[in-house]
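All heavy atoms count here, side chains included; hydrogens, waters and symmetry mates do not. Given the structure is predicted, the values throughout are model-derived calculations rather than measurements.
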Amino acid sequence: MTGYAENPRGVEQLPAASRVITRKNLSIIKYLILLLMAMCLVLEIIAIVLGASTGNIFAEFQHFLDNQFHALATFIVVLGIMMLVVVMGGCIGIMLENMSTVGIFIVVYTMLIILEIIIVISTFSLIRNTDSLLGTRMERAFLNFYDDRISHRSVNHMQQRLQCCGFKNYSDWYNWPHHDDFESSVPMSCFASPQYEVPFEVGCFDRMSELIGYLLNVLASGTIVAIIFQAICVISAVVFLIQLRSYRKHETLQRSTGAFPPSVFGLETIPEEKTPI
């Protein structure tokens with residue numbers, strides 16, 4: 001019978017079975033995407049912790065750092081929290097198979113990923129300018145060591161924390177202004193042992209530049225890895241949304257046709273010819 005293969009007038013033909021995703025396959029795709037989303041959740045938590053830890057270190061040496069460093073760490077934490085909330089909303093939308101929620105998740109998450117890309121670009125820009133931004137403020141703090149209480153406390157803390165002495169090395173203290181009320185031109189924070197015999201040989205600028213450069217590289221590398229996984233999550237969500245829409249459309253069409261082949265209802269009745277008497 002060829003009636004089912006044809007598309008009679010006024011009848012909407014059901015999609016071919018090979019082109020329509022089954023309920024089982026849709027469920028498999030859904031749970032795979034939820035697994036990817038769970039990985040993105042973990043990455044967002046790591047990004048928040050990493051940004052907060054970096055921000056604490058920047059705050060510890062805030063007297064020597066430009067505001068751009070503090071703003072970067074704060075922005076990473078805030079963006080990580082926003083992405084965490086969005087991913088959780090996306091997981092709920094995928095579990096409930098709510099197409100509107102999944103669509104909103106795709107749009108908002110993509111915008112946040114673009115902001116992350118901007119962060120990576122800004123981080124690499126800071127890495128290139130770290131020495132120039134750091135050098136000016138550090139040198140000013142060393143020169144104001146005896147005159148400014150904040151500089152005095154900050155330099156002492158840095159020299160003890162990083163086990164360094166002077167701007168380039170400990171000999172810098174012999175060339176800078178020295179007050180007579182101090183027993184030595186080299187501060188006590190330059191020494192590790194209680195006897196105060198041998199000062200730290202490494203200069204603080206090199207140590208600080210190495211520390212800040214390391215932190216910025218970790219932030220940039222971690223953000224790049226997160227962006228890759230986040231992009232995979234977005235692409236997977238788009239695939240899921242397309243398949244879900246196709247499945248719902250096919251399901252609606254089946255209900256409207258009573259799940260029977262169109263040939264049963266769609267064929268026109270052939271009028272019987274009356275035999276003349």
Side-chain angles (χ1 to χ4, degrees), residues 47-80 118-223:
I48 294 171
V49 174
L50 185 61
S53 302
T54 304
N56 289 334
I57 297 176
F58 288 164
E60 186 177 357
F61 302 105
Q62 62 180 349
H63 190 66
F64 311 103
L65 299 177
D66 190 85
N67 292 331
Q68 297 180 52
F69 296 95
H70 308 290
L72 177 66
T74 303
F75 194 65
I76 288 176
V77 173
V78 173
L79 185 60
I118 296 174
I119 285 180
V120 172
I121 296 173
S122 302
T123 304
F124 282 118
S125 176
L126 272 180
I127 292 173
R128 290 194 301 268
N129 299 323
T130 295
D131 288 350
S132 60
L133 293 172
L134 192 61
T136 304
R137 297 175 71 96
M138 285 187 65
E139 190 171 8
R140 186 185 304 120
F142 276 107
L143 291 174
N144 295 331
F145 179 78
Y146 296 105
D147 301 319
D148 182 61
R149 182 180 300 177
I150 297 177
S151 297
H152 183 87
R153 184 173 60 249
S154 299
V155 169
N156 280 332
H157 173 74
M158 177 180 59
Q159 291 186 143
Q160 277 291 307
R161 185 79 163 81
L162 302 182
Q163 295 187 347
C164 58
C165 184
F167 184 76
K168 293 183 178 179
N169 52 58
Y170 68 91
S171 63
D172 290 334
W173 288 108
Y174 298 106
N175 302 322
W176 286 331
H178 171 57
H179 287 196
D180 296 334
D181 52 347
F182 287 86
E183 296 180 0
S184 172
S185 57
V186 180
M188 297 303 174
S189 58
C190 280
F191 300 89
S193 61
Q195 290 78 20
Y196 304 107
E197 295 177 353
V198 181
F200 300 122
E201 296 183 358
V202 182
C204 290
F205 175 76
D206 292 336
R207 280 289 173 85
M208 183 68 77
S209 178
E210 181 181 351
L211 173 64
I212 301 303
Y214 172 77
L215 292 174
L216 291 177
N217 276 293
V218 169
L219 286 178
S221 302
T223 306

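Within the structure, no pair that satisfies the salt bridge (Lys or Arg N to Asp or Glu O under 4.0 Å) test touches residues 208-217, not counting sequence neighbours.
The minimum heavy-atom distance between Ile76 and Ala47, with the atom names listed, is CG2-O, 3.9 Å. Here the closest heavy-atom approach between residue Val186 and residue Cys165 is recorded as CG1-SG, 4.0 Å. Taking each heavy atom of Ala220 and Thr123 in turn, the nearest pair found is CB-CG2, 3.8 Å. In terms of heavy atoms, Gly166 sits closest to Asp172 at C-OD2, 4.1 Å.
When each of Leu211, Thr54, Leu72 is tested with Leu216 by the rule side-chain contact (heavy atoms from CB on, under 4.5 Å), just one qualifies, namely Leu72.
Distance CG/Leu219 to OG/Ser53: 9.5 Å, rounded to 0.5 Å.
Partners of Arg161 by salt bridge (Lys or Arg N to Asp or Glu O under 4.0 Å), not counting sequence neighbours, listed by chain and number: Glu60. With sequence neighbours excluded, the residues satisfying side-chain hydrogen bond (donor to acceptor under 3.5 Å, both in side chains) with Ser151 are His63, Asp148. Checked against side-chain hydrogen bond (donor to acceptor under 3.5 Å, both in side chains), Asp131 has the following partners two or more places apart in sequence or in another chain: Ser209. Residues forming a side chain to side chain contact (heavy atoms under 4.5 Å, CB included) with Ser125 (at least two apart in sequence, or on another chain): Arg128, Asn129. For Ile48, the side chain to side chain contact (heavy atoms under 4.5 Å, CB included) test picks out Val77, Ile81, Leu84, with sequence neighbours left out.
Classified by interplanar angle (parallel below 30°, tilted 30° to 60°, perpendicular above 60°), the ring pair His157/Phe61 is tilted. Ring pair Phe58/Phe69 is perpendicular by interplanar angle, where above 60° counts as perpendicular and below 30° as parallel.
Enclosure of atom OH in Tyr170 is not indicated, since only 12 or fewer non-hydrogen atoms of other residues, nucleotides or ligands lie within 6.0 angstrom.
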